[in-house]
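The structure under discussion appears below in the form of structure tokens.
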Amino acid sequence: MHDALIVVVLLLVAAAATGAVLQRDPARQAVVLSALGLTLAVLFTVLQAPDVGLAQLAVGSAVTPLMILLTVRKVRRKGRRE
Amino acid sequence: MDRLLPLIVVVPLLGAAVLVAAGRHVPRPVAEAVAGLAAAASAALAAAALAGPPEVSWVGAWRPQDGHSVGIVLVGDRIGLGLAALTSLLVVAVLAYSWRYFDEPPHGHGGAFPALVLLFQGGMCGFALTGDLFDAFVFFELMGVVGYALTGYRVEEARPVQGALVFGFVNSLGGYATLLGIGLLYARTGELGMAQVGRELDQAADAAGHGADALVVAAFVLVLTGLLVKAAAVPFHFWLPDAHAVAPTPVCMLLSGVMVEMGGYGAARVWTTVFGGPGGVPAAGARRTLLVLGVGSALVGALMCWQQRHVKRLLAFSTVAHTGLFLTGIALLTPHGVAGTALYVLGHAGAKAALFACTGILLDRHGSVDECELHGKGRGIPFTGLLFAAGGLALAGLPPFGTSLGKALVEERSPWLPALFVLVSAVTGGAVLRVAARVFLGAGQAGREDDEGPETTGGEEEPETGRRVRRPPVPMVTVAALLLAGALAVGTVPALTGAVSAAAEAFTDHAGYAAAVLDGRPAGRPEGPYDWWTWTGAGLGLLSAALAVALAARSVGLESRAVPWSAPLRRLHSGHVGDYVAWTVAGIGLVSLLALW
Amino acid sequence: MSLLPYLIAGWVFLVGVHGIATSRNLIHAVGCLAVTQSSTYVLLLAVGYRKGATAPVFSDLPVDAPVVDPVVQALALTDVVVGATVTALLLALVVQTAKRHGTVDPDELSELKG
Amino acid sequence: MTRRLRLWVLTAGLLATAALYVAACTDLPAFGGSWHPYGDRAVRAALQQHTANAVSSVNFDQRAFDTLGEETVLFSSVLGTVVLLRRTRGEKRVAPGPAEVPAALRRYGLLVLPVTLLIGLYVIAHGQLSPGGGFQGGVVVATSLHLLYIAVDYKALERIRPLGLFELADGTGEAAYILLGAAGLIAGSAYLANTLPLGTFNTLSSGGTVPLLNAAVGVEVTSAVVVLLAHFLGQALEIESEDGAKDGGREA
């Protein structure tokens with residue numbers, strides 16, 4: 001049962017990673033990255049690594065996408081005003 | 001003394017923390033004095049440790065029991081410690097050079113530049129001293145992160161941000177490959193210390209009755225990838241000229257003088273301690289890998305160096321060429337090869353840093369680092385010109401510079417090596433001498449725009465001193481002169497060669513390293529007889545220097561520096577992140593082929 | 001099953017590298033670098049996993065309970081921090097690139113070549 | 001290099017790397033095996049040091065030097081970001097106006113903020129006992145403060161975020177970690193040695209220097225993330241070029 005769960009979450013991670021690469025629009029990519037962070041956090045929890053899962057949840061699905069979105073906003077704002 | 005080894009790493013870090021915490025309230029001269037003190041204290045600690053017997057320091061007092069520990073070890077072997085000392089001394093020189101540098105430090109962060117330099121120092125010293133693979137990765141990343149920030153420091157200009165970005169992508173990617181390799185090694189051996197992993201690999205091979213399997217080879221290739229990116233070996237080298245051409249001059253002195261060499265050191269260290277035993281990769285495969293990449297870098301670097309007009313970029317390509325020679329020396333895998341390379345690195349650090357220092361003076365005086373634009377403009381500063389030419393001769397291998405002695409010790413090991421070493425030294429030294437003749441003597445023609453291929457010009461650069469200087473500032477010239485004097489001392493003090501030769505014996509001893517780290521049997525060796533100058537070595541040095549002068553003299557009169565058949569090679573240096581990343585993975589493939597064959 | 005986690009780590013690494021090399025937008029490329037790095041967490045934790053064991057936290061466990069390897073978890077934690085910091089610095093450089101070059105398309109950056 | 005050539009080089013490299021890696025995987029020990037020599041030693045050492053969370057014991061005691069490096073990487077990248085995202089010549093700060101926030105969102109945000117903050121502080125404080133610690137808690141605390149930006153507006157966030165203070169705390173956290181390490185030297189043992197009394201297993205004060213180093217990391221991470229996000233927010237919301245048309249650059 002546990003093994004099957006691990007397999008499912010692993011496949012989700014691979015899918016999210018592939019999706020994050022294929023999504024070429026950076027703002028949408030940030031959302032997919034956030035989802036990748038979430039699936040990784042679940043994977044780590046399933047692999048009995050709650051410490052890492054917690055860190056991944058805070059960084060991978062919150063701080064990193066937030067920084068990407070702020071960068072997108074800055075770059076777009078500049079582009080609009082030109 | 002062994003307990004104090006970690007202080008070499010943490011004293012600069014503490015200095016940086018203090019500078020940031022007090023940043024808003026400390027006047028600039030105080031901040032710069034604090035930075036200088038921290039850097040000098042670390043240099044003094046490294047020198048004191050070098051004076052004592054070789055020791056190891058288990059951080060947190062987690063000493064090994066039955067050859068196993070849960071802690072991290074710092075290893076005070078002569079080569080690593082010597083590299084830490086070189087780094088610290090160079091940082092002191094750089095801080096002196098950049099005294100009152102940059103008129104506009106970031107608002108409210110007057111100490112930001114010296115703080116970053118101290119963090120860079122801490123990262124490099126940590127990398128040189130650690131005996132743990134994962135700890136080495138952490139310090140690798142520290143060097144990287146600080147390196148990107150320092151490279152992009154002049155954000156007002158277009159090029160620095162592009163160069164720093166390329167540097168960041170390629171180096172980070174290399175670092176992650178290294179980490180994957182470390183993960184594979186951990187899965188196989190259940191250890192992270194270099195000595196422990198090496199021992200476990202040997203025991204596993206003993207038990208299985210055969211040598212390296214695919215896992216060990218893959219780990220070797222992946223771990224080496226990050227280190228070769230740092231060492232800028234072809235085809236991992238593309239980031240280096242882009243980063244070095246745009247970084248502030250004092251940062252270039254550190255990047256070219258020691259950081260790139262750290263990559264070569266790391267490769268040699270990992271090879272001898274982890275993969276050098278019966279359980280590691282076959283010596284033939286490893287040797288072939290470093291030799292092919294080393295020779296390739298030397299030739300590509302020299303060819304590209306010759307064709308540059310952007311002086312910093314020219315010096316950057318000469319670093320690629322010389323690092324290629326270092327890798328070739330390491331590939332010999334003998335104490336002689338390592339000793340020669342170590343001396344070569346010492347001499348090169350002094351000469352290359354001095355050359356960048358002189359280029360910085362030109363930049364601050366004329367707002368340009370372009371060979372054609374600067375034609376004849378250096379006539380008023382003959383002493384700087386003299387130093388620049390001396391640096392060129394040192395690169396060309398003129399005895400008795402340390403570069404020449406190191407080159408001589410390596411090339412005597414094989415019949416075909418002298419040809420490569422003489423050629424590369426003559427071309428890179430000749431390119432520098434050509435610039436010296438044109439800029440400081442006004443010789444020949446100014447040269448012209450190049451129609452043969454893409455190129456980077458060096459005009460319209462912002463002086464780093466805020467406004468242009470008329471006379472070269474005394475600290476800058478003094479630092480350049482002292483650095484060259486250091487390069488000269490490396491080749492003329494016999495005691496140094498003796499110490500380096502003994503250190504190289506210990507460095508290449510796979511089992512001896514593990515015994516020193518894990519069983520507490522320091523590999524202190526009496527200094528035996530060692531090689532020094534020979535007539536052949538000095539003669540080959542004179543030959544390459546004479547060839548360099550001849551090349552320079554012949555080319556000052558020519559209009560174009562371009563070598564037409566190399567245009568496709570020049571186009572490959574495109575400044576494109578995607579291209580460089582593609583070459584990096586292709587490099588992983590190439591290294592695996594070479595290691596397996 | 002016994003190899004799947006390792007292979008997934010490899011897939012994530014390669015797909016991330018492919019993304020960086022073919023990216024037309026530097027912000028997207030930084031995101032792909034973050035993907036590449038997540039492969040290292042997956043590999044490390046997969047290497048340290050032990051079937052039927054629990055997390056290495058002994059607050060409410062008997063001290064002889066089987067637990068998974070805590071060392072790789074410490075390494076992965078360090079790795080997470082390193083990844084976030086590299087992302088931050090590269091994004092800062094992308095912001096400045098957009099200002100100085102007026103574009104974030106790597107194909108249009110042409111200041112350094114030859 | 002043309003896109004076509006790049007794709008060829010890339011594909012060749014990826015295929016070779018994949019082949020190498022897959023071959024290595026077949027030699028790896030099977031997933032979930034029970035052979036973890038370093039892990040087993042680390043668990044024994046953690047229990048011997050009265051640290052219930054073995055991961056914290058590895059992070060702040062056995063391999064505390066790694067964590068020093070990691071904190072320094074974070075510290076450096078914050079300093080680097082401050083330098084890279086500084087306001088340059090030809091740029092000015094424009095205060096963004098107050099934002100209209102739906103009342104429901106405001107109530108929700110203001111309710112969640114203190115809860116998240118408390119969770120973060122709890123996670124920091126219990127680092128040696130339960131999953132989490134200075135790093136995870138620090139990120140949560142720093143992120144929770146930014147809920148104020150979502151719930152109210154940027155001005156409100158700026159009021160509770162005196163940057164100078166957070167920069168001071170950033171440097172202080174880093175310095176505290178380094179000096180706590182030196183305490184081991186002064187006590188006559190090695191750098192970063194755990195020389196304090198180990199306390200009673202499974203209590204807040206157990207683990208010797210572990211809770212102290214954990215707290216130093218908590219302070220550093222909280223302030224580092226706050227400063228980091230502040231500079232990205234500043235670029236995205238406040239900093240504009242002075243001529244209003246272009247941001248400095250080559251033309252300026």
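Values reported hereafter were calculated over all heavy atoms of this structure, with side chains retained and with hydrogens, waters and symmetry mates removed.
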In terms of heavy-atom proximity below 4.5 Å to chain D, should L590(B) be classed as side chain, backbone, both, or neither? neither
Tell me which of these, T26(D), L14(D), L10(D), has more heavy-atom pairs under 4.5 Å with chain B than the rest. L10(D)
Quick check for you: among L222(B), D132(B), V18(B), which has the greatest number of heavy-atom pairs under 4.5 Å with chain D? D132(B)
Where do A586(B) and V9(D) come nearest, in terms of heavy atoms and distance? CB-CG1, 3.6 Å
Applying side chain to side chain donor-acceptor pair (under 3.5 Å) as the test, list every pair that has at least one member in residues 68-84 of chain D; sequence neighbours left out. T78(C)-E70(D), T72(D)-E174(D)
At a heavy-atom separation under 4.5 Å, does A64(D) approach chain B through its side chain, its backbone, both, or neither? neither
At a heavy-atom separation under 4.5 Å, does L116(B) approach chain D through its side chain, its backbone, both, or neither? both
Which atoms of T584(B) are under 4.5 Å from chain D, going by heavy atoms: the side chain, the backbone, both sets, or neither? neither
Which portion of L74(B) sits near chain D, non-hydrogen atoms under 4.5 angstrom: side chain
Between A24(D) and L184(B) the two heavy atoms that sit nearest each other are CB-CD1, 4.1 Å
Less than 4.5 Å to any heavy atom of chain D: does that hold for the side chain of V221(B), its backbone, both, or neither? side chain
Of all of G123(B), G71(B), A115(B), which one pairs up most often with chain D through heavy atoms under 4.5 Å apart? G71(B)
For residues 182-196 of chain D, dump all side-chain donor-acceptor pairs below 3.5 Å to protein atoms at least two apart in sequence or in another chain.
| residue | atom | partner | partner atom | Å |
| --- | --- | --- | --- | --- |
| Y191(D) | OH | I178(D) | O | 2.9 |
| N194(D) | OD1 | T209(D) | N | 2.9 |
| N194(D) | OD1 | T209(D) | OG1 | 3.1 |
| N194(D) | ND2 | D61(D) | OD2 | 2.9 |
| N194(D) | ND2 | G207(D) | O | 3.0 |

Greatest number of heavy atom pairs closer than 4.5 Å to chain D - which of I588(B), V216(B), L119(B): L119(B)
is_close_aromatic(F134(B), F65(D)), centroid dist under 6.0 Å: no
So which atom in Q49(D) and which in W62(B) form the shortest heavy-atom distance, rounded to 0.1 Å? NE2-CZ2, 3.5 Å
W8(D) versus chain B, heavy atoms under 4.5 Å apart: side chain, backbone, both or neither? neither
Give, as side chain, backbone, both or neither, the part of W58(B) having an atom under 4.5 angstrom from any heavy atom of chain D. backbone
CD on E157(B) to OG1 on T88(D), rounded to 0.5 Å: 11.5 Å
How far apart are the closest heavy atoms of A187(B) and P29(D), and which atoms are they? O-CG, 3.4 Å
When D66(D), L85(D), V73(D) are compared by non-hydrogen pairs under 4.5 Å with chain B, the top option: D66(D)
Which answer fits L15(D), side chain, backbone, both or neither, if we ask what part of it has an atom under 4.5 Å from a heavy atom of chain B? neither
Cation-pi between R86(D) and Y153(B): NZ/CZ under 6.0 Å from ring centre and within 45° of the ring axis? yes
Under a 4.5 Å heavy-atom cut-off, does chain B meet the side chain of A23(D), its backbone, both or neither? both
Checking the side chain of R41(D) only, and the main-chain atoms of S69(B) only, is there a donor and an acceptor separated by less than 3.5 Å? yes
Counting only non-hydrogen atoms closer than 4.5 Å, does L68(D) touch chain B with its backbone (N, CA, C, O), its side chain (CB onward), both, or neither? side chain
Greatest number of non-hydrogen atom pairs under 4.5 angstrom with chain D, of V161(B), V581(B), L593(B), L192(B), falls to L192(B)
Between V146(B), V138(B), V591(B), L572(B), who has the most heavy-atom pairs with chain D when the cutoff is under 4.5 Å? V138(B)
Which residues in residues 211-231 of chain D have any heavy atom lying under 4.5 Å from a heavy atom of chain B? none
So NE2 of H68(B) and OH of Y38(D): to nearest 0.5 Å the spacing works out to 12.0 Å
Mind checking side chain to side chain contact (heavy atoms under 4.5 Å, CB included) for E158(D) and listing every partner two or more places apart, or none if nothing turns up? Y154(D), R161(D), E238(D)
Looking only at V20(B), L596(B), L180(B), D135(B), most heavy-atom pairs under 4.5 Å shared with chain D are made by D135(B)
